[in-house]
Amino acid sequence: MRILFMGTPDFALFSLRALVEAGEDVVGVVTQPDKPRGRGYTLTPPPVKVYAEEKGLPVYQPRTLRDEAFAALLREIDPEVIVVVAFGKILPVNVLEYPKYGCVNVHGSLLPAYRGAAPMQRAIIEGCTETGITTMFMAEGLDTGDMLLKKSVAIDLHDTFETVHDKLGECGAELLLRTLALLEKGEILPEKQEDALATYAAKIEKEDCLLDFSRTAKEVHDRIRGLSPIPLSFTHTPDGKLLKVVASDLADGKGRPGEVLSLSGGRITVACGEGAVALLSVLPEGKKKMSAADFINGRRISVGDMLS
RNA sequence: CGCGGGGUAGAGCAGUUCGGUAGCUCGUCGGGCUCAUAACCCGGAGGUCGUGAGGUUCAAAUCCCACCCCCGCAA
C-alpha cells in the first residue's frame with residue numbers, strides 16, 4: 001500500500017519507524033511546520049521530520065490542509081491509505097475521503113474513553129490502572145471514527161506519563177502494522193463507538209499542573225506522575241519560588257495539607273488532605289532536575305514549611 | 001537581540017551589595033560507640049571559586065571587560 005504518514009512528536013515516531021523498518025511503502029510524510037522553540041526562539045523541526053529526512057522520505061509541512069495546494073499535493077502523492085498519529089491538525093473531509101483504504105488513526109486510549117488531546121496523561125491523573133491503544137478510521141468528529149483494533153496496557157502505581165507514553169508508543173506501532181495488514185486483506189471489521197460512553201481528555205493546561213495538597217495522597221501522586229516528565233506538576237516553596245515535582249511516592253503521615261512533615265531518608269514528605277506523599281525528585285525554579293536529597297542538602301526547605 | 005536564573009571540593013548550596021586567598025549539608029576516608037545500623041560521636045582528605053600569562057587594585061570568588069557552557073519561563 002502507498003502510505004502517506006502524518007504525525008509530529010515523538011509518539012508518532014514509534015509508528016513511523018515501525019512502518020519504515022517493516023519495509024512498508026511510505027511515500028510521504030506530512031508534519032507540522034518548524035516552529036520557534038526554546039530559548040531564543042530557535043526554529044526547531046518536529047521529531048518526525050528529523051527522522052523522515054534521515055531516512056530520505058519526502059517531507060511536507062503545509063501550513064494548512066484546507067487549500068487547493070494541498071489537494072493537488074494529495075493527488076500527486078496519491079496515497080492508498082493515510083496513517084495519522086499525533087499529527088496536531090484536523091483533516092478536512094476531502095482528505096479524509098481521498099485514500100482508497102481510508103485514514104487510519106492510532107489513538108492512545110481505549111476508545112470511546114479519553115477521546116482528545118491528552119489521553120495518556122488524563123488516564124494516569126485519574127488513577128486508571130489500564131489504558132491502551134485503539135486504531136480507527138478517522139471521521140469528522142474528534143476521535144469518533146469506527147474502531148479497528150484495540151489492545152490494552154496496564155498502568156501500575158509507579159508508571160509515569162513517560163513510561164506509559166513509551167509503552168503505548170510501541171503498542172501503537174505494533175497495532176498499526178497489524179491493522180494495515182488486515183485492512184489490505186479486507187479482513188478487518190470496523191466497530192462503531194458507543195458515544196454514550198465517551199469521555200474527553202482535554203489538553204493539559206497550566207492550571208492542571210498546580211498541585212492541590214488538599215486532595216488525597218493518591219490523587220496528588222497520580223497527578224505528579226501523569227505530568228512527568230512533561231510538563232511537570234508544580235507547587236511553591238514558602239519564599240514563593242516555583243518547585244516542580246518530577247517523581248513521588250505514597251507515604252505515611254498526616255498534617256495540614258501542604259505541610260512538610262519530614263526530610264529524612266532523602267524524601268520530602270508532604271501532608272495531603274488524606275495521607276501524605278513523598279517527593280523523590282524535584283526541579284527548582286531556574287535549576288535542573290535533582291533528587292529530593294540534593295534539594296534538602298542545599299537547605300532550601302525545612303520541616304514545617306508549607307507548600308502551596 | 002522574547003523574559004529570567006546559574007557556573008565555588010564527588011553532589012546540592014552559602015559567601016559576591018560593604019574587595020583581604022573560602023564555609024554549610026550530604027557523600028567519601030579513618031577511628032569510636034553499639035547486639036547492630038542508613039543512627040550517633042571524633043578526626044581527615046578533597047577547591048587553579050567556568051575561561052582569559054584580560055582590566056582596576058597593595059590585594060578579587062567578590063568590581064570592570066570579552067568569551068564559553070548549563071538551566072527555568074514563555075512559545
Side-chain angles (χ1 to χ4, degrees), chain A residues 7-13 30-50 61-65 86-90 116-118 120-121 125 158 160-162 165 201-213 220 223-253 258-270 276-308:
Chain A
T8 303
D10 287 318
F11 188 74
L13 254 186
V30 177
T31 191
Q32 297 266 6
D34 295 5
K35 285 183 179 164
R37 286 179 175 281
R39 270 162 250 133
Y41 289 115
T42 315
L43 209 55
T44 309
V48 160
K49 177 184 181 183
V50 175
Q61 297 178 283
R63 243 187 46 243
T64 176
L65 307 186
F87 177 45
K89 281 190 194 296
I90 306 288
M120 300 180 261
Q121 295 95 319
I125 289 171
H158 291 97
T160 62
F161 171 48
E162 180 173 37
H165 171 277
K203 184 181 165 197
I204 302 294
E205 302 290 348
K206 180 153 185 166
E207 48 269 34
D208 292 312
C209 302
L210 176 61
L211 292 173
D212 177 0
F213 290 106
V220 172
R223 185 159 299 260
I224 290 170
R225 63 205 183 93
L227 298 174
S228 178
I230 294 171
L232 290 179
S233 55
F234 64 90
T235 183
H236 301 275
T237 44
D239 57 7
K241 290 272 180 60
L242 190 71
L243 183 66
K244 293 194 168 192
V245 182
V246 179
S248 61
D249 201 353
L250 296 174
D252 294 321
E259 180 182 2
V260 176
L261 299 174
S262 151
L263 297 175
S264 63
R267 298 153 65 96
I268 302 168
T269 304
V270 184
V277 291
L279 311 187
L280 306 178
S281 176
V282 296
L283 174 56
E285 183 176 328
K287 295 292 184 176
K288 49 184 104 179
K289 287 177 189 173
M290 63 179 73
S291 66
D294 281 345
F295 187 73
I296 294 165
N297 281 335
R299 306 270 109 174
R300 303 224 228 161
I301 193 166
S302 313
V303 169
D305 282 355
M306 296 299 294
L307 300 181
S308 59

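Chain letters run A, B, ... following the sequence lines, proteins first and then strands; every chain starts at 1. All values below come from the heavy atoms of this structure, side chains included, with hydrogens, waters and symmetry mates left out.
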Using atom NZ of A/Lys206 as one end and atom C1' of B/A75 as the other, report the distance to the nearest whole Å.
12 Å

Whole angstrom value for the distance that separates P of B/A75 from CD of A/Glu205:
10 Å

Could you point out which residue of A/Thr237, A/Thr269, A/Leu307 forms a side chain to side chain contact (heavy atoms under 4.5 Å, CB included) with A/Val260?
A/Leu307

For nucleotides 2-4 of chain B, tabulate all protein N/O to nucleotide N/O atom pairs closer than 3.5 Å, reporting atom names and distance.
unit_1, atom_1, unit_2, atom_2, d
B/G2, N7, A/Gly40, N, 3.2

Short question: side chain of A/Gln32, backbone of A/Phe87 - any donor-acceptor pair under 3.5 Å?
yes

If I pick the C1' atom on B/A53 and the same atom on B/C29, what distance separates them, to the nearest angstrom?
37 Å

Each nucleotide N or O in nucleotides 9-12 of chain B that has a protein N or O under 3.5 Å away: list the pair and distance.
unit_1, atom_1, unit_2, atom_2, d
B/A11, O2', A/Asp294, OD1, 3.0
B/A11, O2', A/Asp294, OD2, 2.8
B/G12, O2', A/Asp294, O, 2.7
B/G12, N2, A/Asn297, O, 2.7

Under 3.5 Å between N/O atoms: give me all the protein pairs with nucleotides 39-45 of chain B, atom names plus distance.
none

Expressed in whole Å, how much space separates the P atoms belonging to B/U48 and B/U62?
16 Å

Rounded off to whole Å, could you give me the CG-to-P distance for the A/Leu243 and B/C73 pair?
12 Å

Have A/Ser262 and A/Ser264 got a donor and an acceptor in their side chains that come within less than 3.5 Å?
yes

If I take atom NZ in residue A/Lys35 and atom C1' in nucleotide B/A74, what distance separates them, rounded to the nearest angstrom?
15 Å

Take atom CG of A/Leu210 and atom P of B/C73, then tell me their distance rounded to the nearest Å.
15 Å

What's the CG-C1' distance between A/Leu263 and B/C26, to the nearest Å?
13 Å

Rounded to the nearest Å, what distance is computed from the CG atom of residue A/Leu242 to the C1' atom of nucleotide B/G6?
16 Å

To the nearest Å, how far apart are A/Lys244 NZ and B/G72 C1'?
8 Å

Test side-chain contact (heavy atoms from CB on, under 4.5 Å) on A/Lys89 and A/Thr64 and set out the steps.
CA-CA 8 Å; A/Lys89 281 190 194 296; A/Thr64 176; 6.0 Å; no

Identify the nucleotide, in any strand shown, that forms a Watson-Crick or G-U wobble pair with B/C3, with both distances under 3.5 Å; if there is none, say none.
B/G72

